[in-house]
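So the structure is just underneath, and the comments pick up after that.
Values in this document were obtained by computation on a predicted structure and should not be read as measured data. Computation of the quantities below employed the complete heavy-atom set of this structure, encompassing side-chain atoms and omitting hydrogens, waters and symmetry-equivalent molecules. Chain A is the first sequence line, chain B the second, and so forth, proteins listed ahead of strands; every chain is numbered from 1.
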2 protein chains.
Amino acid sequence: MLSKKTKYGLKALTFIAKSEGEAPVQISEISKSENIPQKFLESIMLTLRKSGFLGSKKGKHGGYYLIKEPSQIKMADVMRVLEGPIAMVPCVSLNFYEKCDDCPDEHECSVHKLMIQVRDNTLKVLRNNTLEDLSGI
Amino acid sequence: MLSKKTKYGLKALTFIAKSEGEAPVQISEISKSENIPQKFLESIMLTLRKSGFLGSKKGKHGGYYLIKEPSQIKMADVMRVLEGPIAMVPCVSLNFYEKCDDCPDEHECSVHKLMIQVRDNTLKVLRNNTLEDLSGI
DNA sequence: GTAATTCCTATTAAATCGATAGGATTAATG
DNA sequence: CATTAATCCTATCGATTTAATAGGAATTAC
């Protein structure tokens, strides 16, 4: 299941993309418009800024803005930052690989093979979709 | 992330599929061979039996056996029983649909559209793969 | 200098997950 | 019939994760 964090983050990015060209977008505005708890959203925006998707301006009339073009922001990258690994098991993760405790040899593991297929198909979608697609520009 | 429950369940089914034709397969045997905590596996096997994938025989020389041909057991169905919804958000789930709290209209939701694509591609894989594929028969 | 905003760290409450406990029931075997 | 070996069943526990909140520090516009 997608965490609320990720869902809220994607909605917030979409909201900002749609408001682009104007002044920075404020958390309070996104929070109200998208029904996201404000304090929770605050921490998510922080994460998105620290990972290079958003810039911010502090103080009055401050807020957040996109650093890259929406068409350059791949969903796969956003998901990795907010949700973590895209793969369903660590042993098939490209960016968060980990060996499984229970598998002496992962190439013998039936689950491994299946999850590689799932990963590849999920990745295809998430690499193919950018923020531009989500915001319907 | 795939839960251990699901992973163990899939491995156990694969193990039984490979041992097919002989006597019922015992939990203790699967547990040792696949490095799965026995008591935990016990509860998983119970779930798989109650949901119609496995039959069981009690008492001495008892154990579990497949009820259907491996080629007739779709991964999508096993996953739904062990893991729950395949979709990443309830609002795009075919079998576990639920409305999202934060979305007044889900057809307007950017995340919704993306997650339908992810779901469809995941389903394609999970419907296409059967226990026969996993057990490499 | 005041108001409005982001920034930062810590904390909490609830849910979920992985695993274990302890026995009840059933069946094979001698 | 007694023993052994297996599944069946319910409950519980501890650790982790998740969603959210708290409380103030720092910064900026005006």
Flag if over 12 foreign heavy atoms under 6.0 Å of CG, A:D101: no
Flag if over 12 foreign heavy atoms under 6.0 Å of CD, A:E29: yes
Distance, rounded to the nearest Å, where [X] contributes [atom1] and [N] contributes [atom2]:
X	N	atom1	atom2	value
B:K4	D:dT16	NZ	P	13 Å
A:N35	D:dA20	CG	C1'	16 Å
B:Q26	C:dT26	CD	P	19 Å
A:D101	C:dG18	CG	P	12 Å
A:K5	D:dT21	NZ	P	16 Å
B:K57	D:dA5	NZ	P	15 Å
B:Y64	D:dA5	OH	C1'	14 Å
A:I27	C:dC8	CD1	C1'	12 Å

On the nucleotide [N], are OP1 or OP2 found under 4.0 Å from the side-chain N or O atoms that [X] carries?
X	N	answer
A:Y8	D:dA19	no
A:S28	C:dA4	no
B:R49	D:dC8	yes
B:H61	C:dT29	yes

Consider side-chain contact (heavy atoms from CB on, under 4.5 Å). Of B:L82, B:I67, B:I73, which one does B:F53 pass it with? B:I73
Checking contacts here: which listed nucleotide (C:dA19, D:dC8, D:dT28) is nearest the side-chain heavy atoms of A:K60? D:dT28
Is there side-chain contact between B:M88 and A:M79, with heavy atoms separated by less than 4.5 Å? yes
For the residue pair B:D102 and A:K11, establish whether any side-chain heavy-atom pair is separated by less than 4.5 Å. yes
Using the rule that Ile, Leu, Val, Met, Phe, Trp and Tyr join whenever any side-chain heavy atoms are under 4.5 Å apart, tell me whether B:M1 and B:F40 fall into a single cluster. no
For DNA chain D, which residues of residues 38-47 of chain A approach it to below 4.0 angstrom with any heavy atom? A:K39, A:F40
May I ask you to say what A:K50 touches in the nucleic acid, namely base, sugar-phosphate or nothing, with a heavy-atom cut-off under 4.0 Å? sugar-phosphate
Between the side chains of B:S28 and B:Q38, does any donor sit under 3.5 Å from an acceptor? no
